[in-house]
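Below, all heavy atoms of this structure are taken into account, side chains as well, without hydrogens, waters or symmetry copies.
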Amino acid sequence: MGMITRVRGRLRSLHTLPKLDEKVRDERIAETVCLLSVLFLLPYCSRGHAPLLVSLGSWFVTTYSFLVLPILISANYKYPVRWLRHIIRKLPGMFRKYSKPTWSIIRKTYAPLDKCERTFMKMKNISTLVTQMVFFMLCDRVLLCSFGGENCPVKKVTALYSLMFYNVIAYCVSYIKELIEKEDWSVTVNMTQHSNIKHLAMSATKIVLEWTKAVTFIITVTFMLLVFGLEQGLEHYHPTALYTFITWTYYMCTEKVFVDLFLPLLQMLKLKSLEALEQFYVPVYLRYYTIALATTLSLCLLLYGQFSFALFAFYITVFLKVKDTMFNCLKTLKKELAMLGQFRQATSEEIDNCDDVCAVCLCPMERARVTPCQHMFHASCLRECLNNSNNCPICKREYVFVH
């Protein structure tokens, strides 16, 4: 009886224990949520070629991400850790205090590297070739090696073969384009522009070069027929359809021979919203596409645990591309848009009152820009006039803008 009485007393004492404070309870829940979040994110961070999630299949990665990540985000939002809230409150003040000296140190440290990057980007041929090679290796690791299993070491040469074939195709296209655009079919070279006397050495050099190009083109076409048509050699070269599509579109968007072909294609569409600025939009659109592809594949490679190469590929194919785009083609496009932006868009009523005709090219207008002196022109016509003078082509007044 005595033992039963003592047990009953202890059970009663449990009900009399003070309950945990609400703040303490929430803090313990927050710490538990934080630890569980780290635990559930570990499968993404395992090292090696095939992390835990990826080895189970891409569908499992997608399902796991859609189920787990929203729960973790909502749980951490509802129960944030106290020290994290404290850091977030202090962060703006710390940023204002240390931003200027930190930025100054970063700029001084980054200056030599920035100079090297600009020099590298100025060497267009070398930088394009390096970027293409790194991107193709990235495609090998994500699109082939990730699902290649035991054949992965063999498929690593696919990038080299693909780049070689694409260069061959680019050479053939450039040679055919040269033949189409060629005006002077003479095999000799005159001494001067208006003389009939032939320069013997230069004529011989021109003949040798022309025959060399023709023979190289024939050998190249024969080689392509043997490899692709008759399937001779390269027995381990078996790229997938997705790999071929991604690498080929990337190559076309970065190789000058094919980039030059995009401008007439975009001009054929005659998009009114571009206002005859196709030559400035084309390089920007192509850069955006290549940057988006490289960013997606780099993020995918992070899921496979190859952090070092993913960061290197991101630096070459994304960071340098973004930097080059911002300082070159995007800067030029913004400059042209800012120049046209000074002139407002004409309304449909104003165009109707103007007889729908541009005073410069005498062609109908569906979209137009209005000058401060209330004259209307096509955007392209206005740009041509601004390149020659800052005066209105009709009334000859200088443009004055009131801000």
Main-chain N/O of Tyr110 paired with Asp114 side-chain donor or acceptor, under 3.5 Å: no

Intermediate values then yes/no, side chain to side chain contact (heavy atoms under 4.5 Å, CB included), Leu36 and Val33: CA-CA 5 Å; Leu36 287 174; Val33 167; 5.7 Å; no

Side chains of Phe343 and Val370 in contact at under 4.5 Å (non-hydrogen atoms): no

Residue pair Thr109 / Ile106, side-chain heavy-atom distance below 4.5 Å: no

Within 6.0 Å of NZ in Lys115, more than 12 heavy atoms from elsewhere: no

Heavy atoms from other residues, nucleotides or ligands near NZ of Lys335 exceed 12 (cutoff 6.0 Å): no

Ser127 to Lys124 - nearest heavy-atom pair and separation: OG-O, 3.0 Å

Reference residue Phe258; test ring-ring contact (aromatic ring centres under 6.0 Å, His included); the match among Trp248, Tyr250, Tyr166: Trp248

Any side-chain heavy-atom pair of Leu35 and Leu39 under 4.5 Å: no

Donor-acceptor side-chain pairing of Tyr251 and Ser162 below 3.5 angstrom: no

Contact summary for Thr247 and Phe136, nearest pair of heavy atoms: O-CZ, 3.7 Å

Gln345 vs Arg369 side-chain heavy atoms within contact, under 4.5 Å: yes

Separation between CD1 of Ile316 and CE of Met133, rounded to the nearest 0.5 Å: 13.0 Å

Non-hydrogen atoms of Leu340 and Ala379 that approach each other most closely: CD2-O, 3.8 Å

Sidechain-backbone polar pair: Thr290 side chain, Arg287 backbone, donor-acceptor under 3.5 Å: yes

Exercise: identify the closest heavy-atom pair between Ala294 and Leu138: O-CD2, 4.0 Å

Heavy-atom side-chain contact between Leu271 and Tyr281 under 4.5 Å: no

Euclidean distance, Leu337 CG relative to Thr332 OG1, rounded to 0.5 Å: 11.0 Å

Plane angle bin for Phe165 and Tyr161 - parallel if under 30°, tilted between 30 and 60°, otherwise perpendicular: parallel

Met123 atom CE: more than 12 heavy-atom contacts under 6.0 Å: yes

Residue from Arg107, Lys100, Lys108 passing side-chain contact (heavy atoms from CB on, under 4.5 Å) with Ser104: Lys108

Flag if over 12 foreign heavy atoms under 6.0 Å of NZ, Lys334: no

Side chain to side chain contact (heavy atoms under 4.5 Å, CB included) between Thr131 and Leu320, worked out: CA-CA 9 Å; Thr131 306; Leu320 292 183; over 6 Å; no

Verdict with reasoning, Leu382 to Thr371, per side chain to side chain contact (heavy atoms under 4.5 Å, CB included): CA-CA 9 Å; Leu382 184 59; Thr371 63; 4.2 Å; yes

Side-chain heavy atoms of Pro283 within contact of Val259, under 4.5 Å: no

From Leu277 atom CG to Met339 atom CE, the distance as rounded to the nearest 0.5 Å: 8.0 Å

Test item: Asp140 side-chain N/O and Ala159 main-chain N/O as donor-acceptor pair under 3.5 Å: yes

Sidechain-backbone polar pair: Ser174 side chain, Tyr171 backbone, donor-acceptor under 3.5 Å: yes

Heavy-atom side-chain contact between Thr254 and Phe135 under 4.5 Å: no

Nearest heavy atoms of Leu274 and Tyr285, plus distance in Å: CD2-OH, 3.7 Å

Main-chain N/O of Leu163 paired to Asn167 side chain as donor or acceptor, under 3.5 Å: yes

Point-to-point distance, once rounded to the nearest 0.5 Å, from CZ of Phe327 to CZ of Arg118: 4.5 Å

Glu255 side, atom CD; Ile169 side, atom CD1 - distance, nearest 0.5 Å: 11.5 Å

Minimal non-hydrogen separation, Arg383 against Gln279, with atom names: NH2-NE2, 3.8 Å

Mutual orientation of the aromatic rings belonging to Tyr315 and Phe319 [parallel < 30°, tilted 30-60°, perpendicular > 60°]: parallel

Side chain Glu384, main chain Cys381, donor-acceptor under 3.5 Å: no

Phe312 atom CZ: more than 12 heavy-atom contacts under 6.0 Å: no

Contact check, side chains of Thr295 and Lys321, non-hydrogen atoms, under 4.5 Å: no

Approximate separation, where rounding is to 0.5 Å, of Leu301 CG and Gln306 CD: 4.5 Å

Verdict with reasoning, Lys177 to Asp260, per side chain to side chain contact (heavy atoms under 4.5 Å, CB included): CA-CA 11 Å; Lys177 183 181 177 184; Asp260 293 339; 3.7 Å; yes

